[in-house]
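Here the structure comes first, spelled out in structure tokens, and everything after it is commentary.
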Amino acid sequence: MTRHFLKDTDLSPAEQAEVLDLAVELKAAPYSRTPLAGPQTAAVIFDKTSTRTRVSFAAGIAALGGQPLLINPGEAQLGHKESIADTAQVMSRMVSTIIWRTYAQAGLEEMAEHSSVPVINSLSDDFHPCQILADLLTIREHRGDVKGQTMTYYGDGANNMANSYALGGVNAGMHVRIAAPEGFQPAAAIVAEAEALAAQTGGSLTVTDDPVAAATGADVLVTDTWVSMGQEAAGRDDEASPFTKFQVNQELMNLGNDAIFLHCLPAYRGKEVTAEVIDGPASVVFDEAENRLHAQKALMTFLLER
């Protein structure tokens, strides 16, 4: 059966750990696995702008022996002249995997339903699971085994990053804290799914509007831009923003357990994080960015070899 990766829990806890182990292997020996040798073609579709996703997937596909086919908005009939289902059936006869950075999670699900090759969610409005794999790899490198560690996310607790931290972090056995203002906290369905998963992995999910309590004793502090794509006119980053007190600053970092700082980038210094933190000694954001390459190579290898 074809395996897809549309959300964090599409990998079991054991499979997630296997992918992270493989990422470590591929980071040490970048060309040791070539599941796309031929070269086979991997389609990488972008409905949204991208830097890290575009470069990491293109470079990773090439390192795995393949040829990346980058498809930008307006360059294909997908979704307007041709249905997602038809596109999936056509493309999966020509390429070995489909990677899609898009808006609706439902579109990815429809693509996967009709595709005979792995479909990978490289970002949707609901989840960003490839980023979480990179973050877990980074935590492992700097803090050791991720299981049992506490990771606190600050900002919009109802966005795709918060959803993936909740599910992907708990899947890894972490204690995840989401610190967000009221009205911007995770949906009940995400909380329920994370709590059910925690019973299997020993992790936990805590949702709070207290930024100080959320930082206390944490091993990892992480944030994301307050203004996601499509929300630019929402006034989220002005002085009256409800997110202001959830800015990651040195005072919060000092409450952690010698905590490291993560950010998926791009970052807005002086908004969701201070320059002192993101440019400081606890910041590992560029290791995190590089690890998109290694984690995604591992993920593609895992899916293709299945």
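Sequence positions, counted from 1, serve as the residue numbers for this chain.
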Any heavy-atom pair between the side chains of [Y] and [X] that's under 4.5 Å?
X: W100; Y: L78; result: yes
X: R140; Y: D145; result: no
X: C130; Y: I120; result: yes
X: L6; Y: F127; result: no
X: I98; Y: V95; result: yes
X: Q131; Y: M161; result: yes
X: L133; Y: L299; result: yes
X: L221; Y: L262; result: no

Working to the nearest 0.5 angstrom, can you tell me the gap between [X] [atom1] and [Y] [atom2]?
X: L69; Y: E75; atom1: CG; atom2: CD; answer: 9.0 Å
X: Q200; Y: N171; atom1: CD; atom2: CG; answer: 8.5 Å
X: I61; Y: L70; atom1: CD1; atom2: CG; answer: 7.5 Å
X: R292; Y: L265; atom1: CZ; atom2: CG; answer: 10.0 Å
X: F46; Y: I71; atom1: CZ; atom2: CD1; answer: 10.0 Å
X: Y165; Y: H128; atom1: OH; atom2: NE2; answer: 8.5 Å

task = Would you verify whether the NZ or CZ of R306 falls within 45 degrees of the ring axis of F302 while also being under 6.0 Å from that six-membered ring's centre?
result =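 The answer is yes; both the distance and angle limits are met.
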query = Would R177 count as a cation-pi partner of Y153, with NZ or CZ less than 6.0 Å from the six-membered ring centre and within 45° of the ring normal?
reply =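 Not flagged: R177 not positioned over aromatic ring of Y153.
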Would you say [Y] and [X] are linked by a side-chain donor-acceptor pair, where the criterion is simply a distance under 3.5 Å?
X: S96; Y: Q40; value: yes
X: H114; Y: E110; value: no
X: R101; Y: T53; value: yes
X: T87; Y: E82; value: yes
X: Q67; Y: T41; value: no
X: N291; Y: E141; value: yes
X: D224; Y: H263; value: no
X: E272; Y: T225; value: no
X: E193; Y: T9; value: yes

Are the side chain of [X] and the backbone of [Y] linked by a donor-acceptor contact shorter than 3.5 Å?
X: T274; Y: G270; answer: no
X: H4; Y: A112; answer: yes
X: T301; Y: K297; answer: yes
X: S283; Y: G280; answer: no
X: K147; Y: M174; answer: no
X: S164; Y: G168; answer: no
X: Q149; Y: V220; answer: no

Answer yes or no: does atom [atom1] of [X] have more than 12 heavy-atom neighbours from other residues, nucleotides or ligands under 6.0 Å?
X: D258; atom1: CG; answer: no
X: E182; atom1: CD; answer: no
X: R93; atom1: CZ; answer: no

For [X] versus [Y], what's the shortest heavy-atom pair and its separation?
X: K271; Y: W226; result: O-CH2, 3.2 Å
X: D156; Y: N159; result: O-OD1, 3.1 Å
X: V117; Y: T2; result: C-CG2, 3.4 Å
X: N257; Y: R143; result: O-NH1, 2.9 Å
X: A63; Y: T34; result: O-CG2, 4.4 Å
X: T223; Y: Y154; result: OG1-O, 2.8 Å

query = Testing Q105, E109, K48 for side chain to side chain donor-acceptor pair (under 3.5 Å) with S124, which one passes?
reply =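 With S124 as partner, side chain to side chain donor-acceptor pair (under 3.5 Å) holds for just one option, Q105.
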message = Go through it in stages, so that I can follow the logic: the residues are Q89 and S115, the test is side chain to side chain contact (heavy atoms under 4.5 Å, CB included), and I'd like the CA-CA distance, side-chain angles, deciding distance and then a yes or no.
response = CA-CA 6 Å; Q89 293 188 69; S115 173; over 6 Å; no
Full working for side chain to side chain contact (heavy atoms under 4.5 Å, CB included) between L22 and E18 = CA-CA 6 Å; L22 183 54; E18 182 180 345; 5.8 Å; no
In the single-linkage hydrophobic clustering (I, L, V, M, F, W, Y; side-chain heavy atoms under 4.5 Å), do [X] and [Y] co-cluster?
X: I132; Y: V284; answer: yes
X: V146; Y: I260; answer: yes
X: V170; Y: I178; answer: yes
X: M91; Y: V44; answer: no
X: V222; Y: V277; answer: no

Steps toward side chain to side chain contact (heavy atoms under 4.5 Å, CB included) verdict (T206, V176) = CA-CA 6 Å; T206 301; V176 180; over 6 Å; no
ask   = Can you check salt bridge (charged side-chain N to carboxylate O under 4.0 Å, His left out) on D10 and R3, steps first, answer last?
value = CA-CA 9 Å; D10 283 343; R3 293 289 301 273; over 6 Å; no
ask   = Going through the distances and angles, do F5 and I99 end up as a side chain to side chain contact (heavy atoms under 4.5 Å, CB included)?
value = CA-CA 10 Å; F5 188 60; I99 299 141; over 6 Å; no
key: Aromatic ring proximity, centroids under 6.0 angstrom, F243 and F184   =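 Ring-ring flag for F184/F243: true, centres closer than 6.0 Å.
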